[in-house]
Peer 1: 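Got a structure for you, questions after.
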Amino acid sequence: MARKKRRLKNADEALMGPKPNYGPHNPVPEKDEDRVREYRRATNWFYYFENKKNAEVVCQNYAKNHLGFTKAQINNLKKLPGWKYRMSIYQHIELINNGWTGHPLDESILNMIKDKIVWAEKEGSKIVKEISNKPKPVVISPAERTRRKLLETLYAEFDELIVEGWFEEEYTQKFNLYSRFRGHGFKGNAIEPFRRMILPEYECILDAYNKTCDQAVEAYSHISKANKKKMLNMYEDMFKDMDKLKQSFKAQRVPRAHKRKTSDEQVTNLQYQAECEDSKLASINPVMIPGKSKLWVYNTKQRRLTEYVTTATDGFLVAGTSIKNHDEKESKTATLRKPDDMLPLILSKTEKQLEKFWKDITTKITSPNGRINKDCIIMRVF
């Protein structure tokens, strides 16, 4: 019988000895000297091989299983950093978990473990209360951030350069809204908010100019009609700049690129006839259709043959039960008088030879609608 190879001890095992584990086959020493010596070795072993995260879990499980901590208390304990309580109790808890009983693990040590964990839970509960009482940060919406930036920049500049000039009876100032709007880095979403900011004042001046509101007439009675017109022109120029900005942003907008479906995904819902015993025809795999430029389909119920042709660079696309991208002028469909004579040609001739096929058709040739149903055999693709 082959002798079992002995596993060599690593340096740590040679130095610290095996993992402490006590029970019927490895009882705790009875003599006090041996018991104290083994106790020191065991506590040193757990200290040496301590895993920080595992040590915290060991302490939390002890609190749950031996001290009867609730789920809320365990959550409080988790909030406190583990190094604040595990250092002096973890080794003793591991000894208890691994079967140690009796001296020197007496009542005083058990009380010390309990006091430490209870203290840690109370400290953790303070942290939980601080977190719950901490005011939540105010979330500013993108629209509100845009409005505030408009007030701090464009609206403030307009007020300083134009409105204050009107108080000093200066009505010839220029305000290039288009360049200022771009210079501050605003996007298209800021156009309408700025329009709403200046529109009420414009309407008030307009009422004073047209004398449609007595209050507006009285408010602007100190300004001549000619100067009111200059003020209105200033606003209208800004409105025109806003319309130009809207058009420019619309022109620069990049359309979303639609991800093209794979051939398998395109033909998932395609309905076709897999095989027809009467016509002695079988369909090819429909996944071959997407990307091709020519497709031959035969309707066994109507005896109608169709050739789909596309000039699109992407070839055919399949959506539901329809063939997309086919050229309506180049594509043809007709009813066959003698399908048994004509259909074998579709299967045997080359693409070049089939270009003359429709010259021999005597029935009316029309343009197909692109639909494929359960009566259709997918014959060939090129």
Side-chain angles (χ1 to χ4, degrees), residues 187-188 244 246-382:
K187 302 296 182 182
K244 292 176 182 177
K246 186 178 291 187
Q247 291 298 323
S248 66
F249 283 120
K250 187 176 180 180
Q252 294 173 0
R253 190 180 302 155
V254 179
R256 181 183 297 176
H258 293 282
K259 184 179 179 181
R260 181 173 176 175
K261 293 182 179 180
T262 64
S263 297
D264 290 335
E265 293 172 334
Q266 290 185 49
V267 302
T268 300
N269 299 319
L270 185 66
Q271 297 181 2
Y272 65 98
Q273 190 174 5
E275 186 176 3
C276 178
E277 294 183 1
D278 294 338
S279 301
K280 299 178 182 179
L281 295 173
S283 292
I284 63 172
N285 194 327
V287 297
M288 300 173 64
I289 299 175
K292 297 300 175 65
S293 58
K294 289 185 179 181
L295 168 66
W296 292 84
V297 177
Y298 179 64
N299 188 307
T300 57
K301 184 177 181 180
Q302 300 175 350
R303 295 187 298 128
R304 196 166 191 83
L305 180 67
T306 303
E307 180 191 16
Y308 290 103
V309 179
T310 181
T311 56
T313 55
D314 292 339
F316 292 120
L317 296 175
V318 180
T321 59
S322 300
I323 304 298
K324 302 294 184 181
N325 281 359
H326 69 276
D327 191 316
E328 294 184 0
K329 293 182 180 180
E330 296 293 330
S331 300
K332 303 176 183 66
T333 183
T335 302
L336 299 182
R337 295 184 186 276
K338 298 179 180 181
D340 293 339
D341 296 336
M342 306 299 290
L343 292 177
L345 299 177
I346 305 299
L347 299 174
S348 60
K349 297 294 183 180
T350 64
E351 182 180 1
K352 188 70 175 177
Q353 292 171 335
L354 286 174
E355 291 179 359
K356 301 178 181 179
F357 177 85
W358 294 102
K359 293 181 180 179
D360 300 329
I361 300 296
T362 57
T363 56
K364 185 178 179 180
I365 300 174
T366 58
S367 179
N369 59 13
R371 297 289 179 85
I372 294 181
N373 57 40
K374 295 180 180 180
D375 299 319
C376 293
I377 295 287
I378 304 171
M379 297 184 66
R380 289 188 78 177
V381 290
F382 295 102

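Quick caveat: nothing in here was measured; it's all calculated off a predicted structure.
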Peer 1: Hey, which of Thr268, Asn325, Ile289, Asn269 is the one that makes side chain to side chain contact (heavy atoms under 4.5 Å, CB included) with Val318?
Peer 2: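 Checked Thr268, Asn325, Ile289, Asn269 against Val318; only one passes side chain to side chain contact (heavy atoms under 4.5 Å, CB included): Ile289.
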Peer 1: Does Thr333 reach the main-chain N or O of Leu305 with its side chain, forming a donor-acceptor pair under 3.5 Å?
Peer 2: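 Yes; at least one donor-acceptor contact below 3.5 Å.
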Peer 1: How long is the straight-line distance from CD1 of Ile361 back to CG of Leu336, given to the nearest 0.5 Å?
Peer 2: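 Output value for this atom pair is 5.5 Å.
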Peer 1: Within the side chain of Lys332, is there an N or O that forms a donor-acceptor pair under 3.5 Å with the backbone of Glu330?
Peer 2: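 Flag set: sc Lys332 to bb Glu330 pair under 3.5 Å.
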Peer 1: Closest approach of Val309 and Lys294, non-hydrogen atoms and distance?
Peer 2: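 Taking every non-hydrogen atom into account, CG2-CG, 4.3 Å.
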Peer 1: Provide the closest heavy-atom pair for Pro344 versus Ser348 in the form atom of the first, atom of the second, distance.
Peer 2: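 Scanning both residues completely, I find the closest heavy atoms to be O-OG, 2.9 Å.
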Peer 1: Checking Thr366 against Arg304 for the side chain to side chain donor-acceptor pair (under 3.5 Å) test, could you report, in this order, the C-alpha distance in whole Å, the side-chain angles of both residues, the deciding distance, and whether it holds?
Peer 2: CA-CA 11 Å; Thr366 58; Arg304 196 166 191 83; 3.1 Å; yes
Peer 1: Once you round to the nearest 0.5 Å, how far does NE2 of His326 lie from CG of Leu295?
Peer 2: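 These two atoms lie 10.5 Å from each other.
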Peer 1: Evaluate the side-chain proximity of Ile378 to Asn285: yes if any heavy-atom separation is below 4.5 Å, no if none is.
Peer 2: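 Sidechains of Ile378 and Asn285: no contact.
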Peer 1: Step through the shown structure and confirm whether more than 12 heavy atoms of other residues, nucleotides or ligands are within 6.0 Å of CZ on Arg371.
Peer 2: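 12 or below, so no.
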Peer 1: Which distance, rounded to the nearest 0.5 Å, do you find between the CD1 of Ile377 and the CD of Gln273?
Peer 2: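 Here the interatomic distance stands at 4.0 Å.
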Peer 1: So, the side chain of Ser331 versus the backbone of Pro368: is there a donor-acceptor pair under 3.5 Å, distance only?
Peer 2: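 It does not hold such a pair.
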Peer 1: Taking the inter-plane angle between the rings of Trp296 and Trp358 on a 0 to 90° scale, is it parallel (under 30°), tilted (30 to 60°) or perpendicular (over 60°)?
Peer 2: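 Ring orientation, 0 to 90° scale: parallel.
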Peer 1: Is there side-chain contact between Leu317 and Gln266, with at least one heavy-atom pair below 4.5 Å?
Peer 2: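 Heavy-atom side-chain distance check passes, below 4.5 Å.
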Peer 1: Around Gln353, counting heavy atoms of other residues, nucleotides and ligands shown, do more than 12 lie under 6.0 Å from its CD?
Peer 2: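 Count over threshold, so yes.
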Peer 1: What I'd like to find out is whether the side chain of Thr306 reaches to under 4.5 Å of the side chain of Asn299, using heavy atoms alone.
Peer 2: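 Result no, sub-4.5 Å side-chain heavy-atom pair not found.
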Peer 1: Measure the spacing between OG of Ser293 and CD of Glu351 and express it to the nearest 0.5 Å.
Peer 2: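 Between Ser293 OG and Glu351 CD, I get 5.5 Å after rounding to 0.5 Å.
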Peer 1: Compare every heavy atom of Cys376 with every heavy atom of Val297, then report the nearest pair and how far apart it is.
Peer 2: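 Smallest interatomic distance, heavy atoms only, reads CG1-CB, 3.7 Å.
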Peer 1: Does the side chain of Phe357 reach to within under 4.5 Å of the side chain of Ile346, using non-hydrogen atoms?
Peer 2: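 A side-chain contact exists here, since the closest heavy-atom pair is under 4.5 Å.
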Peer 1: Would you say the side-chain atoms of Thr300 pair up with the backbone N or O of Asp375, donor to acceptor, closer than 3.5 Å?
Peer 2: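 Yes, the answer is positive, given that a donor and an acceptor are paired below the 3.5 Å cut-off.
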Peer 1: Closest approach of Ile284 and Met379, non-hydrogen atoms and distance?
Peer 2: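 That closest heavy-atom pairing would be CG2-O, 3.4 Å.
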Peer 1: Under a 3.5 Å distance rule, please check whether Thr321 uses its side chain to pair with a backbone N or O of Gln271 as donor and acceptor.
Peer 2: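 No, Thr321 side chain to Gln271 backbone: no donor-acceptor pair under 3.5 Å.
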Peer 1: What are the two closest non-hydrogen atoms of Arg260 and Gly291, and how far apart are they?
Peer 2: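 Taking Arg260 first and Gly291 second, the nearest heavy atoms are NH2-N, 3.9 Å.
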Peer 1: Measuring from Glu307:CD to Phe382:CZ, what's the distance to the nearest 0.5 Å?
Peer 2: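 Interatomic distance, Glu307 CD to Phe382 CZ, rounded to 0.5 Å: 8.5 Å.
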Peer 1: Taking Arg303 for its side chain and Pro339 for its backbone only, find out whether a donor-acceptor pair lies under 3.5 Å.
Peer 2: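 Checked: no pair found.
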Peer 1: Just verifying a value: how many Å separate Ile323 CD1 and Lys292 NZ, rounded to the nearest 0.5 Å?
Peer 2: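 The NZ atom of Lys292 is 12.5 Å from CD1 of Ile323, to the nearest 0.5 Å.
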